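Here is the structure we will look at.
Small disclaimer: the values here were computed from a predicted structure and weren't measured.
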2 protein chains.
Amino acid sequence: MPDTPRRADRLPGNRYGNRPTMKDVAARAGVGLKTVSRVVNGEPGVTPETERRVQEAIDALGFRRNDSARVLRKGRTASIGLVLEDLADPFYGPLSRAVEEVARSHGALLINGSSAEDPDREQELVLALCARRVDGLVVIPAGDDHRYLEPELKAGVATVFVDRPAGRIDADVVLSDNYGGARDGVAHLIAHGHRRIGFIGDMPRIHTAAERLRGYRAAMEDAGIAVEDSWMSLGVTDPERVRRAAEDMLAGPSPVTAIFTGNNRVTVTVIRVLAEHDRGVALVGFDDIELADLLQPGVTVVAQDAAALGRTAAERLFRQLDGSLLAPDRIELPTKLVTRGSGELPPAD
Amino acid sequence: MPDTPRRADRLPGNRYGNRPTMKDVAARAGVGLKTVSRVVNGEPGVTPETERRVQEAIDALGFRRNDSARVLRKGRTASIGLVLEDLADPFYGPLSRAVEEVARSHGALLINGSSAEDPDREQELVLALCARRVDGLVVIPAGDDHRYLEPELKAGVATVFVDRPAGRIDADVVLSDNYGGARDGVAHLIAHGHRRIGFIGDMPRIHTAAERLRGYRAAMEDAGIAVEDSWMSLGVTDPERVRRAAEDMLAGPSPVTAIFTGNNRVTVTVIRVLAEHDRGVALVGFDDIELADLLQPGVTVVAQDAAALGRTAAERLFRQLDGSLLAPDRIELPTKLVTRGSGELPPAD
DNA sequence: TAGAGCCTGGACAACGTTGTCAGATGCGGG
DNA sequence: CCCGCATCTGACAACGTTGTCCAGGCTCTA
């Protein structure tokens with residue numbers, strides 16, 4: 001192990017714990033402050049010899065430019081904020097990564113936070129990001145009223161909403177075709193002979209959940225099927241209650257022969273429930289899940305492209321920042337039905 | 001839709017696009033600058049009446065404190081950086097989220113970046129974070145030489161490495177027991193009668209991969225089994241080559257009856273390969289994977305607790321920042337063997 | 001009613017950087 | 001030998017905030 005200083009050796013120091021500033025570098029190199037700034041920023045007008053001396057001082061002192069001061073002076077932070085629901089959800093990982101890649105290609109860093117589906121926490125996070133003066137925001141909203149963002153928008157913070165639209169303000173939004181995807185998924189079940197089809201989804205106050213429910217209803221109506229209340233479970237989300245909801249549907253007076261699940265977490269739970277049943281109940285889920293192809297039967301899903309959502313939103317964000325974008329717009333990305341077996345099972349009765 | 005200003009209406013503005021400052025608020029409220037500061041920060045010494053006037057001006061102007069200036073003055077950014085390999089990898093989502101939660105409980109925001117397993121990119125990211133003057137860093141290293149961090153450490157940037165140790169510097173690190181976990185996993189296969197056991201892992205230059213390989217060798221040696229070269233595949237990582245490696249092991253002169261896989265991505269690919277084989281080849285994988293319990297057979301894994309890794313590291317980071325922590329240390333978290341069926345299959349021959 | 005003490009509010013400098021602008025230096029030509 | 005020009009360098013202000021410190025007004029007491 002080389003002789004790095006142990007932590008105890010570090011001086012208590014002032015503020016950033018004793019970081020050298022340009023002034024220190026200038027003193028050591030025997031040049032003016034501004035010359036150091038020029039070298040650090042690669043500006044022209046410095047003799048090679050001077051530059052060498054400055055570079056030497058920088059290395060010797062371990063100087064690193066303080067971007068906070070830079071931001072204060074220049075007004076751009078080269079960072080964007082991403083507020084999503086839960087980074088641990090496999091749906092958001094790729095989305096976040098896609099946003100990061102676009103940011104990176106524009107030289108920006110990504111600050112992100114999880115709202116945990118709590119509107120207050122969303123607002124708190126967004127405002128904290130604004131206080132840091134992020135150049136732009138990508139928001140997957142938890143709340144449905146975003147008027148608190150008005151001053152920020154007015155001040156020029158670029159903003160794009162993803163996955164769900166903004167509430168009560170006019171802003172860019174990038175969505176999946178939740179309605180169409182759900183409708184197609186349910187229609188797929190109907191095409192395979194099902195008529196008693198259950199729907200288990202999240203609270204309809206969440207936009208995506210409402211749209212998917214609407215798609216379910218539309219498909220059923222198109223087929224002339226009257227939906228019974230006992231076929232629908234809205235707003236349950238924790239595994240235990242989803243499990244009970246699924247079991248109720250399967251055991252009710254007119255048991256369903258197929259289930260359409262409204263998001264990946266519900267799908268996983270329902271797969272568990274169906275695995276315990278011997279009757280072949282058909283299943284189509286919204287959102288793809290890993291290993292879905294390896295289950296018996298494979299799980300048919302309506303897949304949305306999380307990375308594409310993130311990429312599209314981030315690109316739009318940077319176009320706002322370029323100033324090349326004017327009117328807020330709504331972009332809808334298509335979903336894809338991936339058939340793997342569970343959605344093609346015939347009705348059991 | 002309420003009458004929010006369309007983007008085109010926003011003034012081009014200066015810098016942050018026209019944001020009001022404390023000075024503006026002070027002018028509007030008819031008070032001094034410092035009084036506004038006091039109100040914003042909840043400092044005592046302001047009459048309720050004055051406070052009301054200031055608050056009114058703040059709301060009217062949509063003022064939001066500029067944290068860049070604040071940071072410059074105070075020296076703490078209340079943000080920490082997290083550098084990991086790929087946010088889209090399901091292993092890092094929970095880890096990242098855990099770090100975020102700890103940060104949040106300390107009032108800090110999380111800036112994160114993906115190194116894409118590229119040492120240069122890791123360094124670039126880390127230094128960018130240091131330039132932002134993050135208070136601390138949680139790093140999942142891609143490279144094996146971190147001497148570039150010496151000036152930062154000396155300057156007091158709290159730093160904790162996770163999942164893999166730092167290279168050539170002395171720093172805190174939080175690891176899983178990769179060696180012990182792998183050894184136990186392989187011993188489990190041996191206990192079920194296997195002797196010809198394959199190992200497919202990442203490049204041994206990656207610490208975790210090397211440790212797991214060491215665990216494999218140790219278990220084999222403990223059982224008195226001489227490992228044949230054709231049983232090991234090191235450094236393959238893309239699905240196509242993993243697939244070929246697995247097939248070679250199964251078809252070779254002394255075909256393996258069980259495989260130990262070195263990480264989640266490899267495991268998934270091997271599951272696919274095995275699903276196409278009718279011989280019951282046993283499998284134990286390092287890292288848990290979602291739905292592993294629903295496959296036929298369920299996948300036996302050596303699970304590490306990603307969230308615990310992140311939480312432990314972040315907590316240690318903040319203890320460094322409190323100043324209550326002195327000597328750098330190495331913490332090793334246990335792994336857990338989760339038996340689900342695939343690891344308990346008897347040898348087929 | 002005058003003085004002491006407390007409370008509120010504001011002027012000012014400082015944080016570390018960059019933009020502006022003017023001064024210094026060196027070189028070549030007249 | 002001196003002037004003009006181009007090139008390089010540095011002094012200074014400004015960004016928006018917070019810490020220090022002092023002034024002024026109020027209340028309370030003697």
Side-chain angles (χ1 to χ4, degrees), chain A residues 13-55 57-58 61-78 128 130-133 155, chain B residues 13-55 57-58 61-78 128 130-133 135 155-156:
Chain A
N14 46 6
R15 327 200 48 272
Y16 305 111
N18 261 359
R19 276 190 167 284
T21 71
M22 284 193 177
K23 207 161 126 185
D24 301 323
V25 174
R28 172 157 186 141
V31 301
L33 184 55
K34 181 64 213 212
T35 301
V36 177
S37 170
R38 272 191 272 260
V39 172
V40 170
N41 295 296
E43 289 170 27
V46 181
T47 17
E49 162 59 14
T50 310
E51 175 165 355
R52 196 191 51 74
R53 281 221 316 283
V54 171
Q55 195 57 56
I58 289 177
L61 296 173
F63 167 79
R64 197 89 58 204
R65 180 177 63 198
N66 184 333
D67 272 353
S68 294
R70 177 167 222 254
V71 161
L72 181 59
R73 194 65 176 79
K74 305 199 72 133
R76 277 281 168 111
T77 55
C130 288
R132 309 270 156 138
R133 295 297 188 267
Chain B
N14 46 5
R15 327 196 54 270
Y16 305 109
N18 261 0
R19 277 190 168 285
T21 71
M22 284 192 178
K23 205 162 127 185
D24 301 324
V25 174
R28 173 157 184 142
V31 301
L33 185 53
K34 182 64 213 215
T35 302
V36 177
S37 170
R38 273 193 270 259
V39 172
V40 170
N41 295 295
E43 289 170 28
V46 182
T47 23
E49 162 59 14
T50 310
E51 175 165 355
R52 198 193 51 73
R53 281 221 317 284
V54 171
Q55 196 56 56
I58 288 177
L61 295 173
F63 166 81
R64 197 89 58 202
R65 179 178 63 197
N66 184 334
D67 272 352
S68 295
R70 175 166 224 255
V71 162
L72 181 59
R73 193 67 175 80
K74 304 200 72 133
R76 278 282 170 110
T77 55
C130 289
R132 309 272 155 137
R133 295 295 187 269
D135 298 333

Measure from CG on B:D67 to P on C:dC15 and round the result to the nearest Å.
-> 20 Å
Given DNA chain D, 5'-ward residue of the pair A:R38 and B:R38, judged by closest heavy atom | A:R38
Does A:T35 make a side-chain N or O approach to OP1 or OP2 of D:dG10 shorter than 4.0 Å?
-> yes
Can you tell me if the side-chain N/O atoms of B:T47 get under 4.0 Å from OP1 or OP2 in C:dG9?
-> yes
Would you tell me if any nitrogen or oxygen in the side chain of A:S37 comes within less than 4.0 Å of OP1 or OP2 on C:dT17?
-> no
Ignoring backbone atoms, test whether A:K74 places a side-chain nitrogen or oxygen under 4.0 Å from the OP1 or OP2 oxygen of C:dG19.
-> yes
Given C:dT17, is OP1 or OP2 found less than 4.0 Å from the side-chain N or O atoms of A:S68?
-> no
Closest to the side chain of A:A69, out of C:dT17, C:dT8, D:dG16, is C:dT17
Taking the side chain of A:V31 as heavy atoms from C-beta outward, which of D:dG10, C:dT17, C:dG10 is closest to it?
-> D:dG10
Counting heavy atoms from C-beta on, name the nucleotide in C:dT17, D:dT17, C:dG10 closest to the side chain of A:R70.
-> C:dT17
Options D:dT9, D:dT17, D:dG19, nucleotide nearest the side-chain atoms of B:R65 = D:dT17
Under 4.0 angstrom between A:N66 side-chain N/O and C:dC15 OP1 or OP2 = no
Out of C:dT17, D:dG19, C:dT8, which has the shortest distance to the side chain of A:R73?
-> C:dT17
Go through D:dT18, C:dT20, C:dG16 for me and flag the one nearest to the A:K34 side chain.
-> C:dT20
Would you indicate what B:V46 reaches in the nucleic acid, counting non-hydrogen atoms under 4.0 angstrom: base, sugar-phosphate, or nothing?
-> sugar-phosphate
